[in-house]
Amino acid sequence: MDWKRLFGFGRKKTENTGNKENDMKKFLITCLGNIGSEYVGTRHNAGFMLGDYMAEEAGVPFTSCRYGDMAKIRVKNCELMLLKPSTYMNLSGVAVRFWMNKEKLPLENLLVIVDDIALPFGAIRMRKQGSDAGHNGLKNIASELGTQNYARLRFGVGNDFPKGGQIDYVLGKFPKEEMEKMPEILKKASEAVKAFCLSGPDFAMTHFNK
């Protein structure tokens, strides 16, 4: 990194240093979940929970926007647009496509936070791409974007349910003993999101996929 240039040393006085707002690198962090009080605290809303955690940690409220609620937080030279779609899970891609187009963001600046029954509770996995694995939110995003080549942070919710009980399980609430561990898990997931934005997916995968 050119530290002299970063802090302004060596610049000519007549040089236009640009608008700081334009120098910010923007990312759309799409936190998947369902709106409505009946879905609060459910496994399928793990994405919403992480979005709420990151916004509260930054002291930034969510405000109503097109196709959802959004909180914009800054991490160094990055602006993280935390989006909680109001389209319900099955139409999450509508919100993603709208905001990607509106902000003119490249695909590599999209990160989707999604619950995953293939991972044990508390585990997180960063991936640069992948299949939807039957997840309706991911399936709709791939359909709207025309590709599955977008990054996602998979939030493990476990799979302790009988055959045929998947829907009830993911729409069920986290039990008390898991909720007690949630702050620590959300903190780790938050750090993984920030690492993705600041240092890229490979760095995030190396340091958080354990």
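Salt bridge present: Glu191 and Lys187 bring a charged side-chain N and a carboxylate O closer than 4.0 Å. Ionic pairing of Lys194 and Glu57 is present here: one or more N-O contacts between side-chain nitrogen and carboxylate oxygen are shorter than 4.0 angstrom. In this structure, Asp116 does not pair ionically with Arg152, as no charged nitrogen and carboxylate oxygen lie closer than 4.0 Å.
In this structure, CG on Leu50 lies 13.0 Å from NZ on Lys188, to the nearest 0.5 angstrom. We find the CG-CZ distance between Asn209 and Arg154 to be 8.5 Å, quoted to the nearest 0.5 Å. Note that CG of Leu145 and CG of Asn140 are 9.0 Å apart. Values are rounded to the nearest 0.5 Å. Rounding to the nearest 0.5 angstrom, the gap separating the CG atom in Asn136 from the CD1 atom in Ile141 is 11.0 Å. Put simply, NZ on Lys76 and CG on Leu198 are 6.0 Å apart, with the number rounded to the nearest 0.5 Å. In this structure, NZ on Lys26 lies 6.0 Å from CE on Met81, to the nearest 0.5 angstrom.
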Side chain to side chain contact (heavy atoms under 4.5 Å, CB included) assessment of Lys72 paired with Val60: CA-CA 7 Å; Lys72 297 181 180 180; Val60 177; 5.6 Å; no

Steps toward side chain to side chain contact (heavy atoms under 4.5 Å, CB included) verdict (Cys197, Leu80): CA-CA 8 Å; Cys197 298; Leu80 282 57; 3.8 Å; yes

Evaluation steps, side chain to side chain contact (heavy atoms under 4.5 Å, CB included), between Tyr53 and Phe48: CA-CA 9 Å; Tyr53 176 89; Phe48 275 20; over 6 Å; no

Side chain to side chain contact (heavy atoms under 4.5 Å, CB included) between Phe27 and Leu111, intermediate numbers included: CA-CA 8 Å; Phe27 291 85; Leu111 178 63; over 6 Å; no

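Here the side chains of Glu79 and Leu28 are not in contact, with every heavy-atom distance at 4.5 Å or above. Using a 4.5 Å cut-off on side-chain heavy atoms (C-beta onward), Arg125 and Met205 make no contact. Counting heavy atoms from C-beta on, the side chains of Phe155 and Ile185 come closer than 4.5 Å. Looking only at side-chain heavy atoms (C-beta outward), Val96 and Leu110 come within less than 4.5 Å of each other. In this structure the side chain of Tyr150 reaches within 4.5 angstrom of the side chain of Leu138, judged on heavy atoms. Side-chain atoms of Leu119 and Val157, non-hydrogen and from C-beta on, never get closer than 4.5 Å to each other. At a threshold of 4.5 Å between non-hydrogen side-chain atoms, the residues Phe208 and Phe196 do not count as touching. Within the 4.5 Å cutoff, side-chain heavy atoms of Val112 are placed close to those of Leu32.
Counting non-hydrogen atoms of neighbouring residues, nucleotides and ligands closer than 6.0 angstrom, the CD atom of Glu108 exceeds 12 such neighbours. Under a cut-off of 6.0 angstrom, the local environment of CD in Glu184 is sparse, with at most 12 non-hydrogen atoms contributed by other residues, nucleotides or ligands.
What you find for Ala58 and Ile73 is that their closest heavy atoms are CB-CG2, 3.6 Å. Nearest heavy atoms, Cys31 versus Pro85: O-CD, 3.3 Å. Minimum interatomic distance between Leu82 and Gly51 (heavy atoms only, all atoms of both residues): CD1-O, 3.8 Å. Across all their heavy atoms, Thr42 and Phe174 have their closest contact at O-CE1, 3.6 Å. Listed here is the closest heavy atom pair of Met89 and Asp115: CE-OD1, 4.1 Å. Across Met54 and Ser190, no two heavy atoms sit closer than the pair CG-OG, 3.5 Å.
Linking Ile, Leu, Val, Met, Phe, Trp and Tyr residues whenever their side-chain heavy atoms come within less than 4.5 Å places Val170 and Ile113 in a single cluster. Phe161 and Met179 fall within a single hydrophobic cluster, where Ile, Leu, Val, Met, Phe, Trp and Tyr are joined by side-chain heavy atoms under 4.5 Å apart, directly or via other members. Cluster membership check: Ile35 shares its hydrophobic cluster with Ile29, using side-chain heavy-atom separations under 4.5 Å among Ile, Leu, Val, Met, Phe, Trp and Tyr. Placement of Met126 and Leu186 within a single hydrophobic cluster is found when ILVMFWY residues are connected by side-chain heavy-atom separations under 4.5 Å, directly or transitively. Leu153 and Leu107 fall into different hydrophobic clusters, where Ile, Leu, Val, Met, Phe, Trp and Tyr side chains are chained together by heavy-atom contacts under 4.5 Å.
Within the 3.5 Å criterion, the main-chain N or O of Asp202 finds a donor-acceptor partner in the side chain of Thr206.
Taking the six-membered ring where tryptophan is involved, the planes of His44 and His135 are tilted, since the angle between them lies from 30° to 60°.
Judged by a 6.0 Å distance limit and a 45° cone about the ring axis, Lys84 is positioned over the six-membered ring of Phe62.
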